[in-house]
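The block underneath contains the structure these notes are about, expressed in structure tokens.
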Amino acid sequence: SIEEHSNPFDKTLINVTMVRGLTQSSLNNFVEAEDSFRRAQHISHRVSGVNTLEQLEIINYISELDLKQGKLLDADREQQFNLRISERAYGKDSEELLPILQRIGAYFAFRGNTVPLTRSADPTNRDLLFRQSIDLYDRAIKIIEDNYGVSDMRLVEPLRGLARARLLQFTNRRASEAALERALNIVQSNPNTDITDRVKAMIDLGDIYTIDGNKKARRIYLRAWQMMQADNAFQQLSADIFSAPTRLYPEIYDVLYLTRPPDAAKTDEDVELYVDVTYTVRKDGRVSNIKLIDKNVPNTEVRYMRTALSNSRFRPRIVDGELLSTENLMIHQTYEVIENNQLGLSLPTNKNSQG
């Protein structure tokens, strides 16, 4: 209708074709969705020029589609194009660039984390992705320091992002601790912060200490707990944070994926595939006493579960000012069977799965 009453490059078509692309994407029609977003981008170029800021949202959607289709390098290029357009529009040292630097920094940290730390992976590519992420966060931090000083609260968020990138990078976790130590110092030195700000900064740092096996975690957690006990309004928050162990690293998935059904399940397609294990979270956040309760998947999955749990780190619970171990915790890990060509970044898969 718009084309008949106007022309194929009417600006109104940008939003219409983007909505069509989102609908197609929700139906997993990724090729058609990309065509719709490309058309919206092309119209924006015709209307406002090839470097228009109007296309930034479109580029993000195209990058997401590339990820869903396993086109990782294409997704990376879209993000880099997004950055170049933003730099051209705002300037490389502009404050307006800050949210973009942090968002794309988070993207490249995520991408680096998709490259496993194995001999079969390309370590150069993994390092490059994390280097891009860290450089973007460093740029954001420098812009804030140059404009507002080295103790401004605006530094806290990019420091947290930098800490997460360093954590996922795995090779320099001391730098992750240093970033959150600086964030905590900034929060504590700022007179406008409240208990929530200070507790969050403490727990962020305590969590990194726990992941790294740093014994300073105990002291930081107890300081945060005690601070919340001093104010009745924050005692419920304290219970929410410390009443039970919280998994910190690595993340756990509701479902893992197998590329063919186990022999025991081939006769019944509706049977649930699972592993049940119990374990203990010690007061230092490490896991022990892992016991298999039941399973109907291959033993390789059980070994994977044991390894994953052994390498996991938890924020321990606190009761009456004491860090305590927690016994008889249970994981019911479920699995689904899916074809190899359907696996993508949006579907986490066990690297030890059959096939």
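Excluded from the calculations below are hydrogen atoms, water molecules and symmetry mates; all remaining heavy atoms, backbone and side chain alike, are included.
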*Kindly determine whether Glu64 and Asn60 satisfy side chain to side chain donor-acceptor pair (under 3.5 Å), including the steps that lead there.*
CA-CA 6 Å; Glu64 289 176 12; Asn60 288 333; over 6 Å; no
Are [X] and [Y] linked by a side-chain donor-acceptor pair shorter than 3.5 Å?
| X | Y | value |
| --- | --- | --- |
| Asn232 | Gln235 | yes |
| Asn147 | Arg154 | no |
| Gln41 | Tyr61 | no |
| Glu301 | Gln333 | no |

*asked:* For a side chain to side chain contact (heavy atoms under 4.5 Å, CB included) check, start with the C-alpha distance between Asn172 and Phe130, then their side-chain angles and the critical distance, and finish with the verdict.
replied: CA-CA 11 Å; Asn172 190 4; Phe130 277 113; over 6 Å; no
Just checking [X]: does its [atom1] atom have more than 12 heavy atoms from other residues, nucleotides or ligands closer to it than 6.0 angstrom?
| X | atom1 | value |
| --- | --- | --- |
| Arg39 | CZ | yes |
| Asp320 | CG | no |
| Lys283 | NZ | no |

Residue pair [X] / [Y]: nearest heavy atoms and the distance that separates them:
| X | Y | value |
| --- | --- | --- |
| Leu97 | Tyr90 | CD1-CD1, 4.1 Å |
| Leu53 | Ala89 | CD2-CB, 3.5 Å |
| Trp225 | Phe242 | CD1-CD1, 3.9 Å |
| Pro158 | Tyr137 | O-CD2, 3.6 Å |

Within the structure provided, determine whether [X] and [Y] are in side-chain contact (heavy-atom separation under 4.5 Å).
| X | Y | result |
| --- | --- | --- |
| Leu101 | Leu83 | yes |
| Glu34 | Lys71 | yes |
| Met228 | Ile241 | yes |
| Asp93 | Asp146 | no |
| Gln80 | Phe108 | yes |
| Thr210 | Tyr249 | no |
| Lys216 | Glu177 | no |
| Arg306 | Val277 | no |

Spacing of [atom1] belonging to [X] relative to [atom2] belonging to [Y], to within rounding of 0.5 Å:
| X | Y | atom1 | atom2 | answer |
| --- | --- | --- | --- | --- |
| Leu162 | Leu167 | CG | CG | 11.0 Å |
| Arg173 | Asn214 | CZ | CG | 12.5 Å |
| Tyr221 | Leu205 | OH | CG | 9.0 Å |
| Leu72 | Asp66 | CG | CG | 9.0 Å |
| Gln229 | Leu222 | CD | CG | 10.5 Å |
| Met305 | Leu292 | CE | CG | 10.0 Å |

*Do Gln169 and Arg131 pass the side chain to side chain donor-acceptor pair (under 3.5 Å) test, and can you show the C-alpha distance, the side-chain angles, and the key distance before you say yes or no?*
CA-CA 9 Å; Gln169 187 184 22; Arg131 195 159 63 242; over 6 Å; no
Please answer whether the main-chain N or O of [Y] pairs with a side-chain N or O of [X] as donor and acceptor at a distance below 3.5 Å.
| X | Y | answer |
| --- | --- | --- |
| Gln55 | Val50 | yes |
| Thr114 | Arg111 | yes |
| Arg315 | Thr246 | no |
| Ser63 | Ala75 | yes |
| Ser86 | Asn82 | yes |
| Asn296 | Glu272 | yes |
| Arg198 | Thr193 | yes |
| Arg317 | Ser325 | yes |
| Asp194 | Asp197 | yes |
| Thr307 | Arg303 | yes |

*Do Asp204 and Lys200 meet the salt-bridge criterion of a basic N to acidic O distance under 4.0 Å?*
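Judged by the 4.0 Å cut-off on N to carboxylate O distance, Lys200 and Asp204 do form a salt bridge.
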*Kindly indicate whether a cation-pi arrangement holds for Arg247 with Tyr279, taking the cut-offs as under 6.0 Å to the six-membered ring centre and within 45° of the axis.*
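So Arg247 doesn't make the cation-pi contact.
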_Go through it in stages, so that I can follow the logic: the residues are Glu87 and Arg84, the test is salt bridge (charged side-chain N to carboxylate O under 4.0 Å, His left out), and I'd like the CA-CA distance, side-chain angles, deciding distance and then a yes or no._
CA-CA 5 Å; Glu87 289 174 337; Arg84 288 198 301 273; over 6 Å; no
Let me have the donor-acceptor pairs involving side chains of residues 178-190, under 3.5 Å, with sequence neighbours excluded, atom names and distances please.
residue: Glu181; atom: OE1; partner: Arg174; partner atom: NH2; Å: 3.3
residue: Glu181; atom: OE2; partner: Tyr209; partner atom: OH; Å: 2.5
residue: Arg182; atom: NH1; partner: Glu145; partner atom: OE2; Å: 3.0
residue: Arg182; atom: NH2; partner: Glu145; partner atom: OE2; Å: 2.6
residue: Arg182; atom: NH2; partner: Val150; partner atom: O; Å: 3.2
residue: Asn185; atom: ND2; partner: Glu181; partner atom: O; Å: 3.3
residue: Ser189; atom: OG; partner: Asn185; partner atom: O; Å: 3.0
residue: Ser189; atom: OG; partner: Ile186; partner atom: O; Å: 3.1
residue: Asn190; atom: OD1; partner: Asn192; partner atom: N; Å: 2.9

*Going through the checks in order, is the salt bridge (charged side-chain N to carboxylate O under 4.0 Å, His left out) test met by Asp74 and Arg77?*
CA-CA 5 Å; Asp74 289 345; Arg77 280 192 287 268; 2.3 Å; yes
_Whether His42 and Phe9 hold their rings parallel, tilted or perpendicular, with breakpoints at 30° and 60°_ =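 Ring orientation of His42 relative to Phe9: perpendicular.
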*Chi angles and distances behind the side chain to side chain contact (heavy atoms under 4.5 Å, CB included) call for Asp76, Tyr107*: CA-CA 9 Å; Asp76 295 348; Tyr107 168 84; 2.6 Å; yes
*asked:* Give me each pair satisfying salt bridge (charged side-chain N to carboxylate O under 4.0 Å, His left out) with a member in residues 6-16, each pair once, sequence neighbours excluded.
replied: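 Non-adjacent pairs meeting salt bridge (charged side-chain N to carboxylate O under 4.0 Å, His left out): Lys11-Glu54.
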